[in-house]
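Taking it in order: structure first as structure tokens, then the write-up.
Numbered from 1 within each chain, the chains take letters A, B, ... in sequence-line order.
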Number of protein chains: 2
Amino acid sequence: MNVAILGATGAVGQTMLAVLAERAFPVERLTLLASARSAGTHIRWGGQDHEVRPPEPGIFRGVDVALFSVGASRSEEWAPRAVGEGAVVVDNSSAWRMDPEVPLVVPEVKGPALAHRPRGIIANPNWSTIQMAVALGPLQAAAGLRRVVATTYQSVSGAGEGGREALRRELRGEAAEGSPFARRIAGNVISQIGDFDDAGWTGEERKMRDETRKILNLPSLPVVATCVRVPVDIGHAVHVAVETERPLKQAEAPAVRESAPGIQVAAGPEAIPDPHGAAGRDEVFVGRIRVDPDLPAVLHLWVVADNLRKGAATNAVQIAELLVSE
Amino acid sequence: MNVAILGATGAVGQTMLAVLAERAFPVERLTLLASARSAGTHIRWGGQDHEVRPPEPGIFRGVDVALFSVGASRSEEWAPRAVGEGAVVVDNSSAWRMDPEVPLVVPEVKGPALAHRPRGIIANPNWSTIQMAVALGPLQAAAGLRRVVATTYQSVSGAGEGGREALRRELRGEAAEGSPFARRIAGNVISQIGDFDDAGWTGEERKMRDETRKILNLPSLPVVATCVRVPVDIGHAVHVAVETERPLKQAEAPAVRESAPGIQVAAGPEAIPDPHGAAGRDEVFVGRIRVDPDLPAVLHLWVVADNLRKGAATNAVQIAELLVSE
């Protein structure tokens with residue numbers, strides 16, 4: 001396959017390159033693209049030196065799959081052009097996710113057919129949403145879903161290299177000029193990711209609601225999230241309280257998940273998943289599975305994943321793998 | 001009043017001394033006590049030098065109020081002795097909190113009468129529980145409570161000076177020998193505070209359930225908590241999803257709280273309370289008040305407080321102030 005990556009120098013773009021290599025993705029030709037600011041740099045991949053170029057008309061000709069990891073406005077500009085030049089776009093921004101003509105895909109979860117993509121674009125969901133959807137998929141299949149309440153612990157790499165650099169600087173006692181965070185993040189937690197709507201919900205919280213409903217194909221499922229940034233470099237954690245149609249017993253719930261693809265269930269209560277342990281891994285780690293003491297149909301889960309990998313790059317490459325086998 | 005502090009050299013004990021001075025508590029004589037390891041050190045307070053001594057029989061004679069901030073086993077040993085020697089004990093450990101003959105008190109919340117204390121002991125609740133109870137009190141009075149789901153972000157000072165030192169060392173790249181945490185806490189979050197029971201709940205999670213029910217005098221209220229340690233020095237944050245008997249409108253809910261003692265309500269969505277801003281303050285900060293988009297009787301709150309102050313020392317001194325006015 002001829003592969004292009006737009007946003008190749010960013011935190012997710014770099015991880016996409018690592019994941020393509022690790023999974024031995026059949027890359028015939030690799031085109032690395034980034035903004036003018038990063039263009040001209042060289043990246044070594046597959047034993048070869050690749051120059052990073054700015055995107056320009058015609059650059060996607062002959063490209064089979066274009067993995068995009070840029071902001072929504074650049075994606076809106078370049079995705080239709082890439083499709084027009086013959087590529088399938090797997091897009092990691094929020095630009096296309098809620099478009100009814102764009103499938104929003106977590107490969108482990110039976111969702112909309114990948115083949116039906118009238119726009120030629122397939123959307124990669126929001127980070128926290130992906131890991132929660134992987135954990136919810138088997139519960140949906142086994143017992144039906146009635147309500148989801150999520151509370152997140154999201155690492156600074158969710159704000160890109162700029163977020164990681166801001167935390168590093170603050171920890172060194174330096175001013176973090178140009179920090180993407182509204183407050184100091186070192187030694188702090190900030191309950192704001194994205195902009196507020198009139199009812200007080202943030203962009204990230206709306207994404208978790210809207211995208212989870214679309215991925216699970218349950219458009220009216222009650223899903224509510226509270227999203228919080230924590231001073232962690234890589235790895236998002238989510239507490240999920242999920243009410244199922246049919247109550248699941250404590251012993252039964254882990255079994256549902258152990259048989260599910262992409263999930264690693266903690267061996268026991270002491271084996272708590274944490275971001276430090278999940279960083280660098282492709283699985284979604286699920287632990288602390290507890291039946292609510294008052295409501296027997298409610299399960300509490302602790303879901304952790306590497307946001308740059310399964311939350312972004314790995315999920316995108318998995319989608320590309322499905323395109324290879326088409 | 002003659003005041004004794006047992007555990008005077010610890011994180012909470014030091015804060016008790018600061019709060020007694022700030023609030024101009026009428027201290028006639030001050031007795032500072034700590035374990036043999038810390039005994040012999042000197043602490044300056046009220047313009048005088050105080051030697052820290054180990055507790056010994058007779059030391060509480062003539063003491064009016066003894067503020068305890070030591071582990072449960074030392075409290076079990078010394079509280080009855082202090083009471084036997086004539087003191088009222090305000091205890092910050094978990095030893096006495098669930099004893100039906102011991103009032104568990106958050107002064108802002110109308111709870112059990114302080115005067116009825118057959119054991120001579122008054123218990124100070126768990127940190128996260130105090131700040132949540134302060135936020136829930138006015139909602140209980142205005143609309144009745146039906147269910148509470150809490151998810152916490154708890155700072156390392158909740159594990160005492162040893163917790164703070166472990167984080168500082170890890171951030172400097174040193175080994176944190178003797179860390180109270182099961183894992184690395186720098187750059188990580190750990191969903192374990194206390195020991196696990198057979199159903200997978202931790203000690204801290206059981207405290208939040210049992211103590212909230214006792215403080216609010218609602219012994220069968222469904223309360224469930226997931227407690228998580230975060231790499232923050234001082235300040236606990238809690239996301240609370242609370243279902244009330246009567247639905248509260250978004251605009252109405254803040255008003256309920258603004259008129260409540262000890263609470264500072266965020267002026268708007270951008271004014272998100274955070275641990276960094278709450279550290280050093282005595283109020284409980286409530287923000288991000290949102291009506292659940294699917295369940296109109298559910299409110300989501302973000303509740304932040306300085307765990308060493310309102311979560312421990314300030315609450316204990318407030319209880320002592322009530323004893324002065326008896």
#### Entry: Atom group of A225(B) that falls short of 4.5 Å from chain A, counting heavy atoms
backbone
### Task
Please look at V224(B) and chain A and tell me whether the side chain, the backbone, both or neither of the residue comes under 4.5 angstrom of a heavy atom of that chain.
side chain
### Message
Is there a salt bridge (Lys or Arg N to Asp or Glu O under 4.0 Å) between D294(B) and R209(A)? Walk through the geometry before answering.
### Response
CA-CA 11 Å; D294(B) 304 298; R209(A) 174 177 172 83; 2.8 Å; yes
### Query
Can you tell if the side chain of E205(A) reaches within under 4.5 Å of the side chain of R290(B), non-hydrogen atoms only?
yes
### Query
Do any of residues 152-170 of chain A come closer than 4.5 Å to chain B, heavy atom to heavy atom, and if so which ones, in number order?
T152(A), Y153(A)
#### Entry: Donor-acceptor pair between T202(A) and R288(B) side chains, under 3.5 angstrom
no
### Query
Are any of the side-chain heavy atoms of W302(A) and Q192(B) separated by less than 4.5 Å?
no
### Message
Please classify the contact between V298(B) and chain A as side chain, backbone, both or neither, with a heavy-atom cut-off of under 4.5 Å.
### Response
side chain
### Message
So R147(B) and L295(A), do their side chains get closer than 4.5 Å, heavy atoms only?
### Response
yes
### Task
Report yes if the side chains of R183(A) and I272(B) come closer than 4.5 Å at any heavy-atom pair, otherwise no.
yes
### Task
Pick whichever of P231(B), S191(B), P275(B), P222(B) has the most heavy-atom pairs under 4.5 Å with chain A.
S191(B)
## Note on the structure
The interface call for H276(B) against chain A, heavy-atom contacts under 4.5 Å, is both
